[in-house]
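Notes follow once the structure below has been shown.
Nothing here was measured: the structure is a model prediction, and the numbers come from that model.
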Amino acid sequence: QVGLVESGGGLVQPGGSLRLSCAASRTIVGFYVMGWYRQAPGKQRELVATISSGGSPNYSDSVKGRFTISRDNARTAVYLQMNSLKPEDTAVYYCTINNIHWGQGTQVTVSS
C-alpha cells in the first residue's frame, strides 16, 4: 500500500498560478504512471495529466499548454504546475499512482 498526500491547493484569481504537490509514502519501484485527476461539483472525475516512470507526460486537451506535470527522480513525488487558471479549473484535484492508489484530494478554486 502506498499513501499519497496532496498539497498546494487554494483560492486564486483567474489568470493566476498554483503548484500542486503529491508526496508518496515510499519510493515507487518498477514501471508506474503517476497522475492528477480532478472532480468538479456535480461532474465525474476526469483526467488532468499523467507522467510515466519513463518521464512521458500526457495532458487532457483542456489543460494542454497551461499545466505542466513533473516528478522527482527519487520516485516519491509528482507535481502539477498550473498557469493561466480559469474558473472552469475549479475542482478537487487528486493524485494517483497507476489509478490504484489515491490521495484525499486538494481543493483548487479559481474565482475573482
Using side-chain heavy atoms (C-beta onward) and a distance below 4.5 Å, is Tyr94 in contact with Leu4? no
Take Thr50 and Tyr59 through the side chain to side chain contact (heavy atoms under 4.5 Å, CB included) test and state the conclusion after the steps. CA-CA 7 Å; Thr50 61; Tyr59 299 95; over 6 Å; no
4.5 Å side-chain heavy-atom contact, His101 and Gln1: yes
Of Leu80, Thr90, Leu20, Val92, which is the lone residue that meets side chain to side chain contact (heavy atoms under 4.5 Å, CB included) with Val108? Leu20
So do the side chains of Arg38 and Ser62 get within less than 4.5 Å of each other, counting heavy atoms only? yes
Rounded distance [0.5 Å steps], CZ in Arg45 versus CG in Asn99: 9.5 Å
Are Tyr32 and Leu47 connected into the same hydrophobic cluster when the rule is that any two of I, L, V, M, F, W, Y join if their side-chain heavy atoms are below 4.5 Å apart? no
Between Gln39 and Tyr93, is there a side-chain heavy-atom distance shorter than 4.5 Å? no
Let me see the working for Gln81 and Ser70 under side chain to side chain contact (heavy atoms under 4.5 Å, CB included), right down to the final yes or no. CA-CA 8 Å; Gln81 178 66 42; Ser70 62; over 6 Å; no
Taking only residues two or more places apart in sequence, or in another chain, which ones meet Tyr37 in a ring pair (Phe, Tyr, Trp, His ring centres under 6.0 Å)? Trp102
Check this for me: Gln104, atom CD, are more than 12 non-hydrogen atoms of other residues, nucleotides or ligands nearer than 6.0 Å? no
Looking at residues at least two apart in the chain, or sitting in another chain, which of them share a side-chain hydrogen bond (donor to acceptor under 3.5 Å, both in side chains) with Asp72? Thr76
CD/Glu6 to CH2/Trp36 distance, rounded to the nearest 0.5 angstrom? 5.5 Å
Got a sec, which residues hit salt bridge (charged side-chain N to carboxylate O under 4.0 Å, His left out) with Lys86, two or more places apart in sequence or on another chain? none
Between Tyr79 and Ile69, does a side chain to side chain contact (heavy atoms under 4.5 Å, CB included) hold up when you go through it step by step? CA-CA 6 Å; Tyr79 309 97; Ile69 190 170; over 6 Å; no
Is there a side chain to side chain contact (heavy atoms under 4.5 Å, CB included) between Ile97 and Val33? Walk through the geometry before answering. CA-CA 6 Å; Ile97 296 175; Val33 177; over 6 Å; no
Those residues that, when tested against Ala40, pass side chain to side chain contact (heavy atoms under 4.5 Å, CB included) (two or more places apart): Lys43, Ala91
Within residues 7-104 or reaching into it, pairs that qualify as disulfide (SG to SG under 2.5 Å) - sequence neighbours excluded: Cys22-Cys95
Pairs flagged by disulfide (SG to SG under 2.5 Å) wherever residues 23-88 is involved - sequence neighbours left out: none
Decide whether Ser111 and Thr109 meet the rule of one side-chain donor and one side-chain acceptor closer than 3.5 Å. no
